[in-house]
There are 2 protein chains.
Amino acid sequence: MADFSSPGGSVSVTADLVVLTVQSNELRVLLVRRGIEPYRGAWALPGGFVLPDEDLDAAAVRELREETGLTAPVGHLEQLASYGTPGRDPRGRVVTVAYLALLPHLPAPVAGSDAEGAAWAALPVGELAFDHARILADGVERARAKLEYSPLATAFCPPEFTITELREVYETVWDARLDPRNFHRKVTGTPGFVEPVGRSIAAERGRPAQLFRRGPARLLHPPMLRPTP
Amino acid sequence: MADFSSPGGSVSVTADLVVLTVQSNELRVLLVRRGIEPYRGAWALPGGFVLPDEDLDAAAVRELREETGLTAPVGHLEQLASYGTPGRDPRGRVVTVAYLALLPHLPAPVAGSDAEGAAWAALPVGELAFDHARILADGVERARAKLEYSPLATAFCPPEFTITELREVYETVWDARLDPRNFHRKVTGTPGFVEPVGRSIAAERGRPAQLFRRGPARLLHPPMLRPTP
DNA sequence: GACGCTTATCGTCAGCATGACGAAAAAGGG
DNA sequence: CCCTTTTTCGTCATGCTGACGATAAGCGTC
């Protein structure tokens, strides 16, 4: 880090969120409708300014809570990347630190103070404000990759879930079909991926499925493989 | 992204670099000795302020060139993560966008204008200014992980290299021993990882080795596996 | 030049994980 | 009771990996 003898000028910093969830076999992202200029009326990623004495991660957690009402440590939140190309915001120099959140499906989102509304949008979405289409694409790509070598697919599931529900998460995020038998063997055979609850739940049809909760593993060795075609 | 009705206050943004190289079977990082307060005389990661009309990536490229004299597209450069905890810089609110660079070994580094000197330091390094120890740790961990599923180890090698040189890169970064025969089979058997040049080079002892250059592959499927113990 | 030493490269083989797919178990409905 | 559906367990061929033997191709020495 250099000195302040030639400071680069001051910058505004925002924390914006790519909030993904899986519902009805669709990958959905949380969007807000902008209530002010620029891009008034356009859809954008939720987010806002980092407060003067606020950590970046804390700002992301706060924005997530403001938009979803989430307070408990549910799902998953991680930093995605930062975007600071000059001109990306017509109001001036803005650097955005983007975060990626993976959540189980929740009740309807709450519109923030500066938004006219919020909604879950199925992918692919249409036009977005600023460079948010690029940020969203990066987030989706990160999520797809992380399902391979981490157990993060459980972040899309409720606390207790069936193997079939978990498989449908993979199939939805990857847009691929997985063999239920091999998937079952792989998931239950990977130590720490999921842990049996001991109870079963009856589906609408067919044999009732065992319930599982997420295990302590942080990485999958060997990874879950995405189908090649 | 929200509006400017309650801006979070302005922030200074720096682009700092974790520049890694492999030399003499050591993983080394480029450090500069700070010539000004705070942390005057302490070692720190190279970097500096993002200019008012400069892209983040461009700032990282510029800083890399200023510190190493690099101009050609050699090695690898990618964004690592951003750090903005309040108080991490005693002068005020500073958000640092860290970049990770992987380079083949180069001549002695050049000291920047605001540094008393620059040097390659073998890992682990001692105390660093600011939270640079944390940034460095994140960068090293990213590099170690990327060697598994990407051909980025070639970024540590000169344009033409032998399989043994490439293996020594893996052994150094991972601090592990790899079987030369299995490594040779894996590297030459992965399409697009390396391409034979057609010539050989004589080492000091033993049979001369074929020369290779980096192939077009961006990902390794299946990945290179780190030894478990 | 034969020999020994070193390193690069090729082969072999057992073990494990995977993909494809059959089959049994466990429910509900006609 | 039979049929359908879904879950769960098995089987088998294949491919990748780890361990390690064997050969190739240089150099130095006697």
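In what follows, every chain begins at residue 1, and chains take the letters A, B, ... in the order their sequences are listed. Just so it is clear, the structure is predicted and the values come from calculations on it, not from any experiment.
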Of the options D:dG26, D:dT8, D:dT17, whose atoms approach the side-chain atoms of B:P222 most closely? D:dT17

Passes side chain to side chain contact (heavy atoms under 4.5 Å, CB included), B:W120 versus B:T21? Steps please. CA-CA 9 Å; B:W120 294 105; B:T21 194; 3.5 Å; yes

Expressed in angstrom and rounded to an integer, what is the separation of A:L178 atom CG from D:dT7 atom P? 14 Å

Is the shortest side-chain N/O distance from A:S200 to OP1 or OP2 of C:dA26 below 4.0 Å? no

Name the residue closer to the 5' end of DNA chain D, choosing between A:I163 and B:D179 according to the nucleotide with the nearest heavy atom. A:I163

With a 4.0 Å limit, can you tell me whether A:K186 has a side-chain N or O closer than that to the phosphate oxygens OP1/OP2 of C:dA17? no

Note, B:D57 side chain near B:Y99 side chain (heavy atom, < 4.5 Å): yes

Atom CG of B:L220 and atom P of D:dT17 are separated, to the nearest Å, by 10 Å

B:L225 atom CG is separated from C:dA17 atom C1', nearest whole Å, by 11 Å

Identify, between B:L211 and A:R226, the residue whose nearest nucleotide on DNA chain C lies closer to the 5' end. B:L211

A:N182 vs A:A209, nearer the 5' end of DNA chain D by closest nucleotide: A:A209

Starting at CZ of B:R207 and ending at P of D:dG28, how long is that distance when rounded to a whole Å? 18 Å

Flag the pair B:D138 and B:R142 as a salt bridge only when some basic side-chain nitrogen lies within less than 4.0 angstrom of an acidic carboxylate oxygen. no

Atom pair distance, as rounded to whole Å: CZ in A:R181 and P in C:dG19: 13 Å

Report yes or no: is there a donor-acceptor pair, N or O only, under 3.5 Å between the side chain of A:R205 and the base of D:dT5? no

Whole-Å distance separating the CD1 atom of A:I201 from the C1' atom of D:dT6: 14 Å

A:T162/A:L211 under side chain to side chain contact (heavy atoms under 4.5 Å, CB included): CA gap, chis, key distance, verdict: CA-CA 5 Å; A:T162 68; A:L211 284 172; 4.0 Å; yes

Closest nucleotide among D:dG18, D:dT8, C:dA8 to the B:T164 side chain: C:dA8

Length of the line joining A:E148:CD and C:dA17:C1', which is rounded to integer Å: 16 Å

Counting the atoms with a prime plus P, OP1 and OP2 as sugar-phosphate, which does A:E204 contact under 4.0 Å by heavy atoms, base, sugar-phosphate, or nothing? nothing

Would you check if A:L136 and A:V29 make a side-chain contact, meaning some heavy-atom pair closer than 4.5 Å? yes

Could you give the CZ-to-C1' distance, from B:R177 to D:dA19, as a whole number of Å? 17 Å

Just N and O in the side chain of A:H184: are any of them under 4.0 Å from OP1 or OP2 of D:dT8? yes

hbond_proxy A:R185 side chain to D:dG10 base (donor-acceptor, 3.5 Å cutoff): no

